[in-house]
Amino acid sequence: MTVTQLQAFYYAATLESFTAAADYLGMTQPTVSELVRKIESTYGLPLFVRGGRRLVLTTAGRTLLPWAKRLLDGMLGAETAMNSLLTGDGGTVSFGILRNAGYYGLSGLAAVFCKAHPNVHLRLVGQNSFEVADAVRDGELEGGLLCLPVPSDGLEIVPLMRQQIVWASAKPERCARPMRVEDIPKEPLILYDAHHGWHDPSRRQLAQQAQMKGVTLEPIIEIETVGAAVDLVAHGLGDTILPRAVTMDADFPSSVHTTSFEHPIYDTFALVTRKGWELSPMASYIADLAVAMLLSTAVTKDEILYDGPVVPLSAQQNG
């Protein structure tokens, strides 16, 4: 049986009239009657006792009625949920952000979104760039911000901004000039993002330079967070690489010195979505908000790669 047939049956049963059901559904009375007859003929069971002033359900009709109601309630719920996503009155939006989001002006992303759309369930996931890419590709996240390079299959990638990665050391002489990759092994190496290791985009660029020079890089300490790496460098336990944004933080230790690389390496930030999929209105809103927040942190040394429209933060925050 079809949904249209069940609709005709349900409203004929609850309104006790084919004519009343037809008026409610915007159909003709013969159409409603024929839709009900198709169910009856399919199963060989009458649904109504006909002939009286009002329709009376048979045993088969009383059995079918609650199931018809469940289906129609489910359709109504689905329609309500979809409309909620369009209007921002409900639903869920899932978006991936940079793991060190606080360094890139994104710490207020959730607060701004929730203020504008308090009834939407927000799932904001901070992961390594490879994990964000996989989650978007698999449909777990509608979109996300990440650092390139990542495997591009199944993804739409919009580059946003490029920012230099710097060398950091507690020894000022190690930062007196741009760091050469062949000089890195002269002091203990500390690297963060231990879980993903050399798959991390920043590490991969460093490894490629080292390979070209015939240098083997072996970290003596691997930890998970960039903050922990900074703390270890400040204690003189080794040197590390850092995103430039980390060095601009108000709490960055004055005892840690930085320099660029002789052959610069970069964090290239991008917005990713699933190829061939259109973002929901709420996902599009948070993506625009995240892009605007990220680009608002750019300084002279950063290279803006995005040439699309950016909705001003003030306009987004005002709804």
Colleague: Counting neighbours of CE on Met248 that are heavy atoms of other residues, nucleotides or ligands and sit closer than 6.0 Å, is the number greater than 12?
Modeller: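 It does not: Met248 CE has 12 such atoms or fewer within range.
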
Colleague: Find the distance between CD1 (Ile265) and OG (Ser202) and round it off to the nearest 0.5 Å.
Modeller: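 That separation rounds to 6.5 Å.
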
Colleague: What heavy-atom pair brings Gly144 and Val136 nearest, and what distance separates the two atoms?
Modeller: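 Minimum heavy-atom separation between Gly144 and Val136: N-CG2, 4.1 Å.
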
Colleague: Could you tell me whether the side chain of Arg137 and the main chain of Pro151 form a donor-acceptor pair under 3.5 Å?
Modeller: yes

Colleague: Assess, by modelled atom type and distance only, whether the side chains of Arg62 and Thr59 contain a donor and an acceptor separated by less than 3.5 Å.
Modeller: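 Checked: Arg62/Thr59 side chains pair up, N/O donor to acceptor below 3.5 Å.
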
Colleague: With the 4.5 Å side-chain cut-off for hydrophobic clustering, are Leu191 and Leu232 part of the same group?
Modeller: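 Result: no, two separate clusters.
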
Colleague: More than 12 heavy atoms of other residues, nucleotides or ligands under 6.0 Å from CZ of Phe252: yes or no?
Modeller: yes

Colleague: Do Val93 and Val272 sit in one hydrophobic cluster, given that two such residues count as connected whenever their side-chain heavy atoms are within less than 4.5 Å of each other, even indirectly?
Modeller: no

Colleague: With heavy-atom distances below 4.5 Å as the criterion, would you say the side chains of Ile184 and Asp239 are in contact?
Modeller: no

Colleague: Within the side chain of Asp302, is there an N or O that forms a donor-acceptor pair under 3.5 Å with the backbone of Val299?
Modeller: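 Side chain of Asp302 to backbone of Val299, a donor-acceptor pair under 3.5 Å: yes, one is there.
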
Colleague: Is it true that Arg180 and Glu182 have a side-chain N and a carboxylate O under 4.0 angstrom from each other?
Modeller: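 A salt bridge links Arg180 with Glu182.
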
Colleague: Report yes or no: does Arg174 contribute a side-chain atom to a donor-acceptor pair with the main-chain N or O of Thr259 at less than 3.5 Å?
Modeller: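 Pair absent, no side-chain N/O of Arg174 close to backbone of Thr259.
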
Colleague: How about Leu71 and Tyr10: do any of their side-chain heavy atoms sit closer than 4.5 Å?
Modeller: no

Colleague: Looking at side-chain heavy atoms only, is the closest gap between Glu140 and Val125 below 4.5 Å?
Modeller: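 Not touching, per the 4.5 Å side-chain cut-off.
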
Colleague: Under 4.5 Å between any side-chain heavy atoms of Met212 and Gln209, yes or no?
Modeller: no

Colleague: Give a yes or no on whether the ring-centroid distance for Phe113 and Phe95 is below 6.0 angstrom.
Modeller: no

Colleague: Donor-acceptor check, side chain of Ser33 to backbone of Gln29, threshold 3.5 angstrom: yes or no?
Modeller: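 Side chain of Ser33 to backbone of Gln29, a donor-acceptor pair under 3.5 Å: no, none is there.
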
Colleague: Do Tyr103 and Leu289 belong to the same hydrophobic cluster, where Ile, Leu, Val, Met, Phe, Trp and Tyr are linked whenever their side-chain heavy atoms lie under 4.5 Å apart, directly or via other members?
Modeller: yes

Colleague: Are Val230 and Asp249 close enough that some pair of their side-chain heavy atoms sits under 4.5 Å apart?
Modeller: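 No. Closest side-chain heavy atoms not under 4.5 Å.
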
Colleague: Pair Arg203, Glu222 - check salt bridge (charged side-chain N to carboxylate O under 4.0 Å, His left out), show working.
Modeller: CA-CA 12 Å; Arg203 286 209 205 185; Glu222 291 188 82; 2.8 Å; yes

Colleague: Going by side chain to side chain contact (heavy atoms under 4.5 Å, CB included), Val36 matches just one of Leu47, Leu55, Leu6, Thr31. Which one?
Modeller: Leu47

Colleague: Count I, L, V, M, F, W, Y as connected when their side-chain heavy atoms are under 4.5 Å apart, and connections chain through other members. Are Phe269 and Val132 then in the same cluster?
Modeller: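 In one cluster with Phe269: Val132, no.
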
Colleague: Within a strict 4.5 Å, meaning less than it, do heavy atoms of the Thr2 and Lys38 side chains meet?
Modeller: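 Thr2 vs Lys38: side chains apart.
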
Colleague: Check whether more than 12 heavy atoms from other residues, nucleotides or ligands sit under 6.0 Å from atom CH2 of Trp198, and answer yes or no.
Modeller: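 Atom CH2 in Trp198 is packed in, count exceeds 12.
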
Colleague: Angle class for the Phe261/Trp167 ring planes (parallel below 30°, perpendicular above 60°, tilted otherwise)?
Modeller: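 The rings of Phe261 and Trp167 stand perpendicular, inter-plane angle above 60°.
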
Colleague: Do Lys275 and Leu155 have side-chain heavy atoms sitting under 4.5 Å apart?
Modeller: no

Colleague: Out of curiosity, does Tyr104 fall in the hydrophobic cluster containing Tyr266 (side-chain heavy atoms, cut-off under 4.5 Å, transitive links)?
Modeller: no

Colleague: Looking at Glu278, I'd like to know if its CD atom is crowded, meaning that more than 12 non-hydrogen atoms belonging to other residues, nucleotides or ligands lie closer than 6.0 Å.
Modeller: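 It does not: Glu278 CD has 12 such atoms or fewer within range.
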
Colleague: Hey, is CG on Asp153 packed in by over 12 heavy atoms from elsewhere, all under 6.0 Å?
Modeller: yes

Colleague: State, to 0.1 Å, how close Gln164 and Ser260 come at their nearest heavy-atom pair, and which atoms those are.
Modeller: OE1-CB, 3.5 Å

Colleague: Do His117 and Tyr285 have ring centres separated by under 6.0 Å?
Modeller: yes

Colleague: Quick check on Ile304: does its CD1 atom have over 12 non-hydrogen neighbours (other residues, nucleotides or ligands) under 6.0 Å away?
Modeller: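 Yes, because the 6.0 Å sphere around CD1 of Ile304 holds more than 12 heavy atoms from other groups.
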
Colleague: Heavy atoms, side chains only, cut-off 4.5 Å: are Leu35 and Phe18 in contact?
Modeller: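 Side chain of Leu35 against side chain of Phe18, heavy atoms only: no contact under 4.5 Å found.
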
Colleague: Ignoring hydrogens and angles, state whether a donor on the side chain of Ser280 or Glu142 is under 3.5 Å from an acceptor on the partner side chain.
Modeller: yes

